[in-house]
Amino acid sequence: MGVCIEFQDVSYAYPLTRKAAVRHLNCQLETGKCYGVIGPNAGGKTTFCNLMRGLCPNFYGGILKGNVLVNGKNLLEWEEEELSVQIGYVFQDPFAQVSGIKETVFEEIGMGMENLGVEAEEMIKRIVEIAKMVHVDTLLQKNPLALSGGQCQRVAFASILALNSDIIVIDEPTSQLDPEASNDVFEIIDLLKKQGKTVIIAEHKVDLLAEYCDEIIAIADGSIIAQGSAREVFADPVLREKGVRIPQVVSLALEMEEAGTPFCRMPITMEETIRMLKEKKEGK
Amino acid sequence: MAIEVKNITFSYPNSQVTAVENVSMTIEKGERVAIIGQNGAGKSTTVKIMNNIYKPTKGTVTVDGINTKNKTTAQIAPHVGYVFQNPNDQIFNDDVTKEIDYVLRYWKLSEEEIKRRREEAIDVTGIRPYLEMHPFDIPLPIRKFLTIAVVVAVSPDYVILDEPTAGQDLWGCAQLRTVMDYLQSKGKAVLTISHDMEYVAENFDRIIVMAHKNIIADGKTKEILYRPDILKEAHVKPPLSAQIAQAIGIRTKVLNLKELTAAIS
Amino acid sequence: MTDREFIESFRHYQKKGNWWCDFHPIAKLVFCLAFGFMSLIVFKWQAGLAIFILAGIIAIFTPARKTYFITLGVMFVVGCLFTVVVRLYVHMGDPGPVAFYLFGKAVPKAAVISCLDLIFMIEGFLGIFMTFFLTTEMRDLCYSFEQIGMSPSATFMVLSTFSGIASIKEKLNSVRESQRARGIETEGSLIVKIKSVLPVLFPVIISSMTGVEDRTLAMDARAFAANGKHTALRKVAPAKPVEKLIAVLALIICVAGSIAGRIYL
Amino acid sequence: MNGKKRKKKKMDNMTKLLIPLAVAINMLAYNVLYSTTMVILGDSIGTILVGAVCGPGPGAVVGILSNLVNVIKNPVMIVMLPLNVAFGVVSGYLSRKKIFIRLWKAVLCTPIYGFIGGWLSGSIIFLAMGGDFWGNMASVFVGIPLFNAGVPKYFAMAVGQLLFDCIDKAACLILVYLIIRSLPDRFLIKLPYGKYVTSKQYDESEVEF
């Protein structure tokens, strides 16, 4: 599995700020894996995603030290337009991602491809296919401005996926959605994983992340404090010192340890915890 | 001293579709109540009728005996505070202290009174480190605490929190608990709409369940969260600890991880 | 329309089934501009009336006839009557042949004619423009301009202007709601309203401007900055030769008519 | 607008999205201000604002689009197009002189705007109306009394328009100044003319890594 994104001693400070937002980041992200980025607010999660997409030097300005490589090529050498095809980016606020110039969801999904000059027939095929995948195929004729938060977020996903980017960066997609819509979003992320795309999600809902992500990166006050498989990272005590939220099943396991009845293996998902607790009950 | 809502019905001005049908409830002073239910069940509308943003088409709402029918929203504001989901709709000063002082000065309170309330609100919501920053430079989750500070400074008897935990991290949730403990110590009632079942189970002792535009249950948190039929009708999942407890057959009604650990061992 | 037909409609040119609505947007625009400016330049009631009748005939053969006559009626009452009254008042008692007496003062024939000129100039100009704006979709007009070289950013700006006006009104309502809930009065006497202008207007402007940052990133994520060849889902048929002919004819009539009108009338 | 030389970066995305918003702000300010104060129109706030923070080019485009929206409702307004464009362009050049950093500097420029919005617009309507008065507050309260006092019709009308428009433009300039002061610096410096409107200067050197 090749390395698609690499951070080489990256530090970055936003313009007009005294303190650097992120300091000395070093990490390598492999293609086809799903990474969860967790950490407190203003700890550097969003800056990490922006750096990956090249928004930090190109759009926000500020000072960048070290270099970010995408598919081996330094970000600064990438053309603006190529970047938006290479890396898809979905944002936190669903309603800010509606273009406002299209009157139906069908055309809204096609907008990205229209900008890139994709042929009409190919566009129609891709839109229908992606709309089915994202469960908005029943909303194709609705006006995008009249959609609910969850529907808007799914349409935003669809219009980015239509560009067929291999890497998708998602910055807190579910913070304004209710639990049902959050599950829909994570189902989409699951489908992306099955298609072999690299997915990077910054998110607060840690319980959902634990179920869907292969690897977790924990970032707090500007530096990576832990990186590895979900099981290792969540058990790492440094997370609790830096105030990083961990899944409830993990805190349950830790409390069970204090109460003298530890689990044999650190659980990550609810089903796993229930299975282990049942075994423990029969064992007693 | 309570907010009494007597079988109110409401439909938006230019649509016959009713948002809420014949809802009744009473919120006593000092109570901590959470309203849960799926989006579109009428939660926000009911709460906006309570602080008189919307006037009910049928039924009446009285706040501490004052009927809201012939009162404007601003006249009810000193009694019922509302923290909105989007803080950007309210902030228009370029300085945190000016933002908190604005309403107090608008009501022509004395300078020391304004200063006392503002300092207390800033300490309770923990935004002192951000005083020099421009409100729109403060990260969004922390900017929400600025709007909470504004409501705390007004110190109404009833405080409504709309999805307070959306986008909050550990620090945010802890800060929210301090604010709620402060309001509890002042004997104020706290009413919230939330999908975060852990937050609801942890902090609220009464739950009102809403579905298809009216109330389908209203009772103690422990009872409601262990009634699978009600939660199913409202499309709401109980907190994780309750789900695990029921899955492995523990009878005691568990609300958080500590109780679950105790129950298991 | 079923989804199948809807998707199928993107495979060929958009058709509305009415001869004037399917008329090529730019040719139609040239046609209407020509006659509109002719009415403005000639500034005589004969020319204005002729164009007004022409516009009326076209409007009758289009689906938008009802809205056409209602808007025109409103325009006539609001626009012209107030100006005519002021003009007659100024010319009261001037010398020259008398048309009729008003409040005991002589109203000269010249004043009446100048009023008629004014009314029919506006009605003619208004009428022909209405036949254009009520029957062509702005996105089709922008698409046709794009075919002859206008940059796609211009289309984006024009189209998002119209949707921006609608969404900013919604923003205003939600800001009013949150400021009222905070205690700032927005209804009532004039002084109260004037005092509420700042707390209502500023949050809308500031939050929608800072919101542009997120929207720019979202549009950038969809390769909005790509300056290569753009394609489009919604296509409009290119101008047929007969449509180009009509547009050119209209131009000739406009130039000839203006010169003739200036000399003879 | 797209005829700009390749060297000069094409109008960046942020400005392209700010322009339609400014037109919506014009409409909104008109609805809110005109209905409450009857004197202040406020329909040029967006044009002046974008002219000040993005430069004369984008300011002019806002003027054109605002005029286009008005033309659809009332086509006779098309004669006002050059004035709306003038507001945007003038704000751009004045912003270079850093007038929007001090309130008194901004208000001092009211006569320039008043001249464009009052005197020139009055003259255009005066011509369009065939050299005569028409029904608006300025001509009824100031124009006609001056005319009866012997001042020639054109000047009476023009002075009337100038006075009324100065009130409106002074209010607009104050509001634009307050809006710019309320906007965070981090947002302003991303805009082409951001450097002219942000007062605080930050040096890049002492950022601690």
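Chain letters run A, B, ... following the sequence lines, proteins first and then strands; every chain starts at 1.
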Checklist entry - Contact part of B:Asn52 toward chain C, heavy-atom cut-off under 4.5 Å: side chain, backbone, both or neither? => result neither
Item to check | Minimum-distance pair of heavy atoms, taken over all atoms of B:Tyr82 and C:Ala181 | outcome: CB-CB, 4.1 Å
Checklist entry - How many angstroms lie between OG in C:Ser178 and CG in B:Asn86, if you round to the nearest 0.5 Å? => result 8.0 Å
Checklist entry - Looking only at side chains, do C:Glu177 and B:Tyr54 share a donor and an acceptor under 3.5 Å apart? => result yes
Next on the checklist: Looking at chain B, which one of C:Val175, C:Leu201, C:Thr186, C:Ile205 has the largest number of heavy-atom pairs inside 4.5 Å, strictly under?
Outcome noted: C:Val175
Checklist outcome for this item: Comparing B:Gly81, B:Ala77, B:Pro78, B:Pro156 against chain C, the one with the most heavy-atom pairs below 4.5 Å turns out to be B:Ala77
Checklist outcome for this item: Turns out that what part of C:Lys195 lies under 4.5 Å from chain B's heavy atoms comes down to both
Checklist entry - Closest approach of B:Asp89 and C:Pro203, non-hydrogen atoms and distance? => result O-CB, 3.5 Å
Next on the checklist: If you count heavy atoms of other groups shown closer than 6.0 angstrom to NZ of C:Lys15, is the number above 12?
Outcome noted: yes
Next on the checklist: Within a 6.0 Å radius of atom CZ on C:Phe61, are there more than 12 heavy atoms belonging to other residues, nucleotides or ligands?
Outcome noted: no
Checklist entry - Which bit of B:Gln85 is near chain C, if near means a heavy-atom gap under 4.5 Å: side chain, backbone, both or neither? => result neither
Next on the checklist: How about NZ on B:Lys98, more than 12 heavy atoms from neighbouring residues, nucleotides or ligands closer than 6.0 Å, or not?
Outcome noted: yes
Checklist entry - Above 12 or not: heavy atoms from other molecules or residues under 6.0 Å from CZ of B:Arg128? => result yes
Checklist entry - Can you name the nearest heavy-atom pair linking C:Glu185 to B:Tyr106, along with the distance? => result N-OH, 3.0 Å
Checklist outcome for this item: Under 4.5 Å to a heavy atom of chain C? For B:Val83 that would be neither
Checklist outcome for this item: d(B:Ile91 CD1, C:Ser207 OG) to nearest 0.5 Å is 9.5 Å
Next on the checklist: side-chain contact (heavy atoms from CB on, under 4.5 Å) for B:Tyr102 and C:Ile184? Distances and angles first, verdict last.
Outcome noted: CA-CA 9 Å; B:Tyr102 186 83; C:Ile184 296 164; 3.8 Å; yes
Next on the checklist: Atom NZ of residue position B:Lys55 - does it have more than 12 heavy atoms of other residues, nucleotides or ligands inside 6.0 Å?
Outcome noted: yes
Item to check | Heavy-atom pair of closest approach, residues B:Val150 and C:Arg182 | outcome: CG1-NE, 3.6 Å
Checklist entry - Which atom names give the shortest non-hydrogen contact between B:Phe92 and C:Leu198, and what distance separates them? => result CD1-O, 4.4 Å
Checklist entry - If you round to the nearest 0.5 Å, how far is CD1 of B:Ile53 from CZ of C:Arg176? => result 14.0 Å
